[in-house]
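Below, chain A is the first sequence line, B the second, and so on; all start at residue 1.
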Amino acid sequence: MKKPLTLLLAVIMVVTLLAGCSGGNKNGNGGSTADNENKSGNKNSNTNANAGTEGKTNTAAEDDVYPENGLSKSEKVTLKVGFWENGGGRSWMDTAVKKFSEKYPNVSFDITSTPTLETILEPMIAAGDDEEMFDLFFPRFTAAGQAEKLVEAGKIEPQDDLWNRVLPGETDKTLRSVISDDMFEAVQFKGMTSRVPVGGYTAGLFFDQNLFDEHGWNKNPSTWDEFVALLGDIKAKDIIPITFPGVYAGYLTNYTFDLLPFGLAKGEGNFDTYLDNFRNYTGPQLTTEHNKEEWSRLYDLGKKGYFPPGVAALNHTQSQMQVLQHKAALVSTGDWVGNEMKTSTPEGFKWGFMAIPATNDKDQTIFINSGVTDIGFSIWKNKPDLVKQWSKEFILSLYTFEIQEILAAEAGAFPARLDFGDDPARIAKLQPAPAAVMEYATKHEVQYISFRRNFSLMSPESAQSSKLVSEMITAVASGKKDPLPVLEQAEKLLQKSIEKDRPKK
Amino acid sequence: MAAEVKKIAVSMRKRAGAGKVKRQKAVFLLIAIVPSFGGYLLFTLYPNILSIYYSLLNWDGLSEPKFVGFSNYIFMVSDQFVWRALYHNLLYMIVVPFAILIISLLLAYLLNNKPYRENGFYKVLYFFTNILSAVVVALLWSFIFDGSFGLLNGILELVGIPAGGYYWLGDTRTALWALVIPMVWGGVGLYAVIFMNAISGIPKSIYEAAIIEGARPMQILIKITIPLIRGVIRVCALFVVLGTIKGFEMIMIMTNGGPEGSTDVIGLYMFNMAFGKEYHNYGYASAIGMVLFVILVAAKLILDKYYPDEGVEY
């Protein structure tokens with residue numbers, strides 16, 4: 001009796017251990033509808049890879065395919081999705097999946113949804129197991145430039161064919177026709193589209209319009225001098241002009257002040273050269289006249305006390321709370337702020353937005369930081385064709401007005417479709433913060449820009465360089481540290497890294 | 001003759017029985033050890049050994065790794081941020097374990113020797129901080145230290161000390177030391193409970209004899225209690241020292257190494273090198289990890305040398 005029992009226990013222990021070791025990729029699957037059909041989709045995919053293009057010879061065969069995309073109705077496919085649950089939440093994605101599954105019942109989803117997708121995605125990619133890898137995923141990584149590296153390594157499926165596809169529910173509008181040139185340019189890398197932008201974010205200075213109205217402050221400064229005058233007016237009322245999360249001080253530079261060099265270059269008529277140098281790490285990066293000017297201005301504002309005392313200790317919730325409580329007038333953050341802070345936003349608070357004008361020309365182009373990585377899927381290349389085709393169909397389905405509206409209303413995101421604004425009823429569905437950005441864009445000549453580079457730096461020198469710069473932000477904003485010597489020091493390190501890491505031709 | 005045969009048969013049976021017991025024991029040991037040891041090999045030892053290899057690479061985890069030999073280690077010697085982080089670690093290593101051990105020893109001694117009615121409640125209360133995750137403790141103290149509406153400034157104002165909206169974590173002069181408080185607060189509970197249990201194992205007769213001899217409470221603590229729980233203190237000291245060198249979660253949440261790097265520690269620096277917002281190099285981070293490993297081993301050896309394990313019997 002004892003022997004079988006011992007054996008049974010041993011078997012249970014070993015099986016439990018093996019099960020524990022092997023079944024680790026389903027955490028956070030709130031929205032999964034099926035998870036064990038993927039292999040059938042994968043296995044059968046090659047025979048159906050060209051189902052949409054092969055000639056159909058009989059009615060039975062025609063009945064078995066969806067007319068709009070030529071994909072089989074009977075082949076069951078499960079799409080394994082890595083979804084980054086950012087400040088916009090996941091309800092829009094749940095709706096999109098539900099609608100798609102209703103329309104295409106043979107397609108189901110196995111979703112891993114988490115705010116820290118990068119912690120799952122990066123080990124998955126490093127493991128190099130194509131079978132285990134997500135079919136489609138938000139290219140969400142811990143460091144900049146990782147998505148570009150995957151493209152360079154040939155790991156990402158091109159989505160260029162989607163640009164000329166007619167959108168669902170439309171008769172002639174192609175995807176390209178409803179996406180702005182800025183957004184189109186932002187997703188091009190090495191001559192291919194690694195993801196199409198479903199929605200985006202914008203960043204800059206957000207504020208309470210009612211507070212500005214109450215004090216008669218300028219809500220739309222058109223020149224640098226007007227902007228500085230505004231900060232002086234705010235300070236005169238004993239309110240902090242600009243706050244930001246000093247714990248993550250890049251919120252101030254990346255979202256607002258780092259846009260100044262682009263505006264200055266544009267004002268001088270050498271924007272294209274500047275942008276090309278920026279994207280390709282050509283020439284000095286931190287010690288350009290434009291960049292030095294940006295930091296000098298930040299230092300001057302710091303000396304005037306225009307940023308909060310002790311700002312280095314503020315996290316992003318604390319800094320945003322300062323604006324909600326009217327202790328500060330402007331906060332440097334992204335348009336997700338409205339959604340993120342909606343439960344704490346007091347009644348009568350109306351979000352406004354502004355970016356910083358770089359020059360004193362009233363008709364200047366004002367640059368706004370924008371990104372498309374927050375809402376957009378990449379497709380893993382080493383996947384069966386059928387899986388990739390359905391992944392693209394799903395991505396295309398996200399451009400219906402129904403989904404774009406939910407994206408705007410529930411996630412607080414900036415919908416990617418240009419024609420979204422054609423209908424005032426749709427604009428009314430935008431959350432207050434993105435609506436404020438849209439309103440700002442109607443009053444100024446704006447250009448959205450991302451900080452994408454054409455290759456990324458890996459050498460330790462680049463880490464030291466960026467650490468030097470990021471560590472001085474709060475000190476400069478407090479008027480305690482002259483940024484120019486630090487920029488010189490950081491530039492030397494950066495140039496060493498560029499020399500080492502520049503791809504060999 | 002028959003008796004001899006019987007004797008041999010009995011002896012053979014005994015041997016067979018002993019063999020069976022031996023086999024069963026081996027099987028049991030195998031079942032007991034293999035799963036956990038296998039897990040240790042697979043999930044601890046193997047990644048650690050792999051890190052040695054990674055430390056010789058220039059690799060971000062996605063692109064093709066590039067073998068760079070010892071250049072990560074060579075670069076590290078001239079990396080000012082590594083030395084600065086190690087200096088902060090050294091400061092924490094001197095202050096935090098000392099404070100945790102002293103406070104928890106005093107608490108344990110008081111609760112064991114003073115017949116307070118609320119002793120049970122105090123035990124739960126002290127251990128409570130240990131139940132909270134580092135994230136909760138960090139956020140709690142971030143708000144306590146907040147300049148605008150923090151509890152600390154509120155209390156200071158209440159007793160007539162003008163805090164003037166001072167941000168304790170926002171100033172390079174105070175941030176490093178302000179972080180010591182939550183570290184100690186979050187660590188005391190566990191060790192207090194461990195010491196309480198250790199002290200309760202000391203025979204009461206020893207204390208009674210000491211009291212009869214006229215020993216004072218402090219003398220009893222230093223001359224009797226501490227020497228008799230020396231082994232437990234040694235293990236706790238080891239845990240708390242190693243934990244202080246390795247730990248960085250609280251710092252990451254409260255200051256992220258700032259302001260101006262004044263609270264950066266080696267663990268956080270390593271983490272940011274591997275998973276930072278602007279930078280990603282598993283190779284360099286692994287090299288830092290290897291140095292951290294050497295430091296941890298050195299700390300253990302130093303503790304062994306200067307605080308050897310001398311068992312006591314009573």
Side-chain angles (χ1 to χ4, degrees), chain A residues 2-3 6 9-10 13-14 16-17 20-21 118-119 122-123 125-126 141-146 149-150 152-153 155 246-250 308-315 318 321-322 325 327 456-464 466-475 478 480-481 500-501, chain B residues 24 27-28 30-31 34-35 38-39 42-43 58-64 66 71-72 75-76 79-81 139 142-143 145-149 164-172 175 253-262 264 269 272-284 287:
Chain A
K2 276 181 186 171
K3 199 171 179 182
T6 313
L9 279 172
M13 280 178 77
V14 171
T16 312
L17 181 73
C21 294
E118 63 277 15
T119 60
E122 288 175 0
I125 294 170
F141 300 102
T142 46
Q146 302 299 89
K149 280 180 188 164
L150 284 178
E152 279 175 336
K155 300 284 189 188
V247 174
Y248 310 101
V311 66
L314 298 179
N315 61 34
Q318 286 169 311
M321 281 303 291
Q322 285 188 326
Q325 293 168 342
K327 287 184 174 173
S456 52
L457 304 176
M458 206 163 49
S459 303
E461 287 89 347
S462 90
Q464 285 202 330
S466 61
K467 199 164 169 61
L468 277 171
V469 174
S470 62
E471 280 189 1
M472 76 166 163
I473 297 171
T474 52
S478 307
K480 290 179 194 162
K481 191 170 211 161
K500 278 188 187 176
D501 295 333
Chain B
Q24 279 178 341
V27 168
F28 173 76
L30 212 67
I31 292 168
V34 165
L42 197 64
F43 300 116
N58 197 10
W59 185 47
D60 61 5
L62 298 179
S63 51
E64 213 47 46
K66 201 163 85 182
S71 70
N72 283 331
F75 185 82
M76 206 188 307
D79 187 343
Q80 52 167 320
F81 297 118
L139 288 175
S142 287
F143 285 109
F145 285 133
D146 187 275
S148 305
F149 46 85
Y166 184 74
Y167 280 82
W168 297 88
L169 298 174
D171 194 315
T172 49
I253 296 160
M254 293 177 77
T255 62
N256 199 25
E260 297 165 61
S262 61
D264 208 5
Y269 186 57
N272 282 329
M273 287 297 105
F275 309 107
K277 287 266 173 237
E278 291 160 352
Y279 185 74
H280 219 60
N281 192 330
Y282 288 162
Y284 191 53

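- Both the backbone and the side chain of B:Asp79 come within contact range of chain A, each with at least one heavy atom under 4.5 Å from a heavy atom of that chain.
- Of all non-hydrogen atoms in A:Gln318 and B:Ser142, the two that sit nearest each other are NE2-O, 3.9 Å.
- Counting all heavy atoms, side chain and backbone alike, B:Gly170 lies closest to A:Ala312 at O-CB, 3.9 Å.
- Put simply, CG on A:Leu314 and CG on B:Asp146 are 7.0 Å apart, with the number rounded to the nearest 0.5 Å.
- A heavy-atom distance below 4.5 Å is found between the side chains of A:Lys467 and B:Tyr269.
- Using a 4.5 Å heavy-atom cutoff, the side chains of B:Trp59 and A:Met458 are not in contact.
- One finds the OG atom of A:Ser459 at 11.5 Å from the OH atom of B:Tyr284 (value rounded to the nearest 0.5 Å).
- Heavy atoms closer than 4.5 Å to chain A are found in the side chain of B:Tyr282, but not in its backbone.
- Among the candidates B:Gly261, B:Ser71, B:Gly147, B:Gly258, the residue making the largest number of heavy-atom pairs closer than 4.5 Å to chain A is B:Gly261.
- Interface residue B:Gln80: backbone and side-chain heavy atoms are both found under 4.5 Å from chain A.
- Comparing A:Leu468, A:Asn315, A:Ile473, A:Val311 by heavy-atom pairs within less than 4.5 Å of chain B, the highest count is held by A:Leu468.
- Under the 4.5 Å side-chain criterion, counting only non-hydrogen atoms from C-beta, B:Met254 is not in contact with A:Val247.
- Both the backbone and the side chain of B:Asn58 come within contact range of chain A, with heavy atoms under 4.5 Å apart.
- Contact of A:Pro309 with chain B is made through the backbone alone, with heavy-atom distances under 4.5 Å.
- Between chain B and the options A:Lys327, A:Met472, A:Lys155, the largest number of non-hydrogen pairs under 4.5 Å is found for A:Lys327.
- For the residue pair A:Glu471 and B:Glu260, the shortest heavy atom distance occurs at O-CG, 3.4 Å.
- We find the CG-CG distance between B:Asn281 and A:Leu457 to be 11.5 Å, quoted to the nearest 0.5 Å.
- Residue B:Phe28 places its CZ atom among 12 or fewer non-hydrogen atoms of other residues, nucleotides or ligands, all under 6.0 Å distant.
- For a residue to count as touching a neighbouring chain, one of its non-hydrogen atoms must lie under 4.5 Å from one of that chain's; by this rule A:Glu461 touches chain B with backbone and side chain alike.
- The line from NZ of A:Lys480 to CG of B:Asp171 is 5.0 Å long, rounded to the nearest 0.5 Å.
- Here the NZ-NZ distance, from B:Lys66 to A:Lys500, works out to 8.0 Å after rounding to the nearest 0.5 Å.
- With a 4.5 angstrom heavy-atom cutoff, A:Ala463 touches chain B via backbone and side-chain atoms both.
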